[in-house]
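Structure, as structure tokens:
These figures come from a predicted structure and were not determined experimentally. In what follows, every heavy atom counts, from backbone to side chain, and hydrogens, waters and symmetry copies are set aside. Below, chains carry the letters A, B, ... as their sequence lines are ordered, and counting in each starts from 1.
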Amino acid sequence: MIDLAALRKDPAIFRKAFADRGAAIDVDALLAQDAKVRELKTRAEGLKAELNAASKAIGAAAKQGGAAVEEAKAKARALGDQQKAADSEREALEKALAEQLLYVPNPCLPEVPAGTDAAGNVVVATWGDEPQFAFKPKAHWDIAPALGIMDFERGAKLAGSGFVTLRGAGARLQRALVTWFIDQHVANGYTEWAVPYLVSPQIMQGTGQLPKFADQLYRCKDDDLLLVPTAEVPVTNLHAGEILDGASLPLKYCSHTPCFRREAGAAGVGTRGMTRVHQFDKVEMVWFTTPERSRADLETMRGHAEALLKGLGLRHRVLQLCTGDTGFSSACTFDLEVWSPGTQGWLEVSSCSTFTDFQARRAGIRARGADGKPQLVHTLNGSGLALPRCLIAILETYQQADGSVVVPPVLRPYLGGMERISK
RNA sequence: GGAGAGAUGGCAGAGUGGUCGAAUGCGCCGGUUUCGAAAACCGGUGUGCCCGCAAGGGCACCGGGGGUUCGAAUCCCUCUCUCUCCGCCA
């Protein structure tokens with residue numbers, strides 16, 4: 001959620017930011033409503049103050065008794081009616097304004113390149129040479145089923161298209177990746193969390209998934225719970241409504257969870273194999289930090305994600321997303337894309353963002369600063385990393401002419417020393 | 001799932017219709033004292049919002065929501081959560 005006081009103070013900045021994003025936000029309408037709400041509030045509170053004073057007087061008078069008390073009560077009753085009317089008007093308008101505010105995106109940082117869509121994203125770094133093969137490299141959907149480590153048909157049998165199963169060394173490889181990732185994060189000072197995979201609608205609102213992206217979420221109607229689309233949601237909301245100790249910042253958390261996404265409207269686009277599925281595993285990094293250091297922390301966190309790809313020896317690049325491609329809640333995002341030799345394309349395996357105070361304001365996450373006053377924190381998160389596409393890149397990058405796949409050395413200890421996955 | 005008990009400030013714990021944003025204790029911060037510290041004593045110590053240049057004034061919050069009343073931490077309804085016991089269960 002944006003800061004209404006900031007909007008009042010400098011609407012021009014917000015107008016430009018929304019335009020850059022391609023978001024049709026009527027700033028003037030928001031400002032007008034805000035002014036009206038505050039006017040009504042002042043009036044209603046004034047009446048309430050009168051009423052409170054009148055009630056107090058009745059209390060004092062009642063002790064002495066007397067006929068004047070009944071008359072005073074009648075007057076107070078009339079005042080109360082007036083106050084209630086004014087307050088209900090204020091309440092309705094304030095609620096409507098708050099509702100609209102939930103659909104207003106986070107302005108991007110000034111440094112974010114302007115652009116309307118993914119074509120405007122800027123490559124800021126590339127690592128690794130393109131792997132060379134003495135044969136035509138295959139795609140993972142050919143490699144993995146042939147090795148018997150991935151089964152798409154059975155996934156579809158269980159839950160429909162977009163669900164896959166991993167078998168034997170495939171399942172174990174994924175588990176090895178998860179464990180190695182988390183071990184790296186813990187070594188970097190992160191605290192690991194295990195969290196619920198179902199959360200309430202209010203929690204989804206805290207991080208910005210609701211109300212705008214309801215159609216992308218799986219919902220358990222009978223219990224009014226939603227399956228998490230990313231660990232960002234439960235982990236960021238761990239501190240919802242809390243006032244943290246400023247000296248404890250930055251807090252660095254990581255968590256491994258499955259992620260559930262309906263992917264409504266994405267059918268047919270890059271969905272073959274395990275590239276885009278309704279359920280996948282991911283290790284997520286989440287930071288709670290201060291406004292002063294959040295931008296620098298984003299670099300650090302992105303470095304942690306990149307280090308994983310380097311450790312695995314996977315060619316990758318880093319994109320800074322342009323204004324038009326930056327997510328609703330984010331102020332600045334870097335995507336990490338890994339190279340897929342089988343499809344000769346790039347696959348997004350991580351998205352590292354700073355949400356500035358946007359999520360903190362929605363979720364009510366503050367920290368007590370040096371001056372003793374609570375202040376909204378900045379939240380960051382980044383994948384570290386998404387599992388399916390890492391599996392894809394490993395299988396395709398390390399495939400051999402005989403169909404086997406060499407295991408990256410860093411993972412071997414997690415696979416009982418296995419050096420190669422063969423049939 | 002059934003039965004019962006409970007939810008008050010950082011913590012503990014009073015308060016059952018009026019001057020209660022809330023006693024008291026602990027904790028924390030500042031001061032006095034001390035060579036220094038402890039102890040003791042004195043003072044302070046929640047959050048959000050509105051009006052205001054400011055000084056200052058006002059409103060709201062005692063788990064959430066709703067109701068009764070001139071007035072609710074206190075009465076009523078409802079939801080959530082916690083604890084105890086029973087059942088079921090990985």
Side-chain angles (χ1 to χ4, degrees), chain A residues 1-10 30-102 194-206 210 220-226 234 237-249 258 357-377:
Chain A
M1 191 142 55
I2 59 161
D3 179 8
L4 261 184
L7 182 73
R8 275 201 292 272
K9 202 170 163 194
D10 204 341
L30 287 175
L31 288 172
Q33 280 188 76
D34 171 53
K36 184 72 182 164
V37 165
R38 281 182 297 126
E39 183 193 321
L40 288 169
K41 184 174 263 183
T42 303
R43 202 173 107 224
E45 285 183 357
L47 288 168
K48 185 68 181 171
E50 273 186 64
L51 182 60
N52 284 346
S55 294
K56 219 174 223 185
I58 291 172
K63 276 183 182 161
Q64 281 133 50
V69 172
E70 281 311 312
E71 197 184 325
K73 279 191 185 180
K75 270 188 184 166
R77 203 172 294 132
L79 190 60
D81 290 343
Q82 209 183 332
Q83 192 275 329
K84 279 193 183 94
D87 203 50
S88 70
E89 192 186 351
R90 182 227 98 227
E91 191 181 12
L93 212 72
E94 191 164 29
K95 203 173 157 191
L97 177 59
E99 181 74 18
Q100 285 176 62
L101 236 34
L102 291 176
V195 295
Y197 307 150
L198 286 162
V199 298
S200 70
Q202 192 194 325
I203 293 303
M204 286 288 185
Q205 186 172 295
L210 284 182
C220 301
K221 285 197 179 110
D222 287 346
D223 300 286
D224 205 19
L225 291 170
L226 300 113
N237 280 290
L238 283 171
H239 294 304
E242 295 184 13
I243 300 176
L244 303 166
D245 174 11
S248 71
L249 302 181
D357 61 13
F358 188 84
Q359 292 182 326
R361 185 171 292 105
R362 283 182 166 232
I365 309 170
R366 292 170 295 170
R368 212 173 283 284
D371 61 355
K373 292 283 167 212
Q375 179 188 32
L376 290 169
V377 303

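Residues from residues 34-43 of chain A that place a heavy atom under 4.0 Å from any atom of RNA chain B, listed by number: A:R38, A:K41, A:T42.
Checking A:E94, A:Q100, A:R38 one by one against A:Q33, the side-chain hydrogen bond (donor to acceptor under 3.5 Å, both in side chains) holds for a single residue, A:Q100.
The distance from atom CG of A:L93 to atom C1' of B:C50 is 15 Å, rounded to the nearest whole Å. For the pair A:L244 CG and B:G10 P, the interatomic distance rounds to 14 Å; values are reported in whole Å.
Only the P atoms considered, B:U84 is 16 Å distant from B:G13, to the nearest whole Å. With both ends at atom C1', the span from B:C83 to B:U24 equals 26 Å, rounded to whole Å. Taking atom P in both B:U8 and B:C62, one finds a spacing of 12 Å when rounded to whole Å.
Side-chain N or O atoms of A:R362 include one that pairs as donor or acceptor with a backbone N or O of A:Q205 at under 3.5 Å. A donor-acceptor distance shorter than 3.5 angstrom exists from the side chain of A:R361 to the backbone of A:M1, with no hydrogens or angles considered. A:N237 contributes a side-chain N or O that, together with a main-chain N or O of A:I203, makes up a donor-acceptor pair within less than 3.5 Å.
Nucleic acid contact class of A:R90 (heavy atoms, under 4.0 Å, all strands): none.
Expressed to the nearest 0.5 Å, how far NZ of A:K75 lies from CG of A:L79 amounts to 11.0 Å. Put simply, NZ on A:K95 and CD on A:E99 are 8.0 Å apart, with the number rounded to the nearest 0.5 Å. For the atom pair CG (A:L47) and CD (A:Q82), the distance works out to 5.0 Å, reported to the nearest 0.5 Å. Between atom NZ of residue A:K373 and atom CZ of residue A:R368 there is a gap of 8.0 Å, rounded to the nearest 0.5 Å.
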A:K48 vs A:D87, salt bridge (Lys or Arg N to Asp or Glu O under 4.0 Å): CA-CA, chis, key distance, verdict: CA-CA 9 Å; A:K48 185 68 181 171; A:D87 203 50; over 6 Å; no
Heavy-atom protein contacts under 4.0 Å, nucleotides 55-82 of chain B, coded B base, S sugar-phosphate only, - none: ---BBS---------BS-----------
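Base-pair partner of B:C83: B:G4 (Watson-Crick or G-U wobble, both distances under 3.5 Å). When Watson-Crick and G-U wobble pairs are counted only if both distances are under 3.5 Å, B:G36 pairs with no nucleotide at all.
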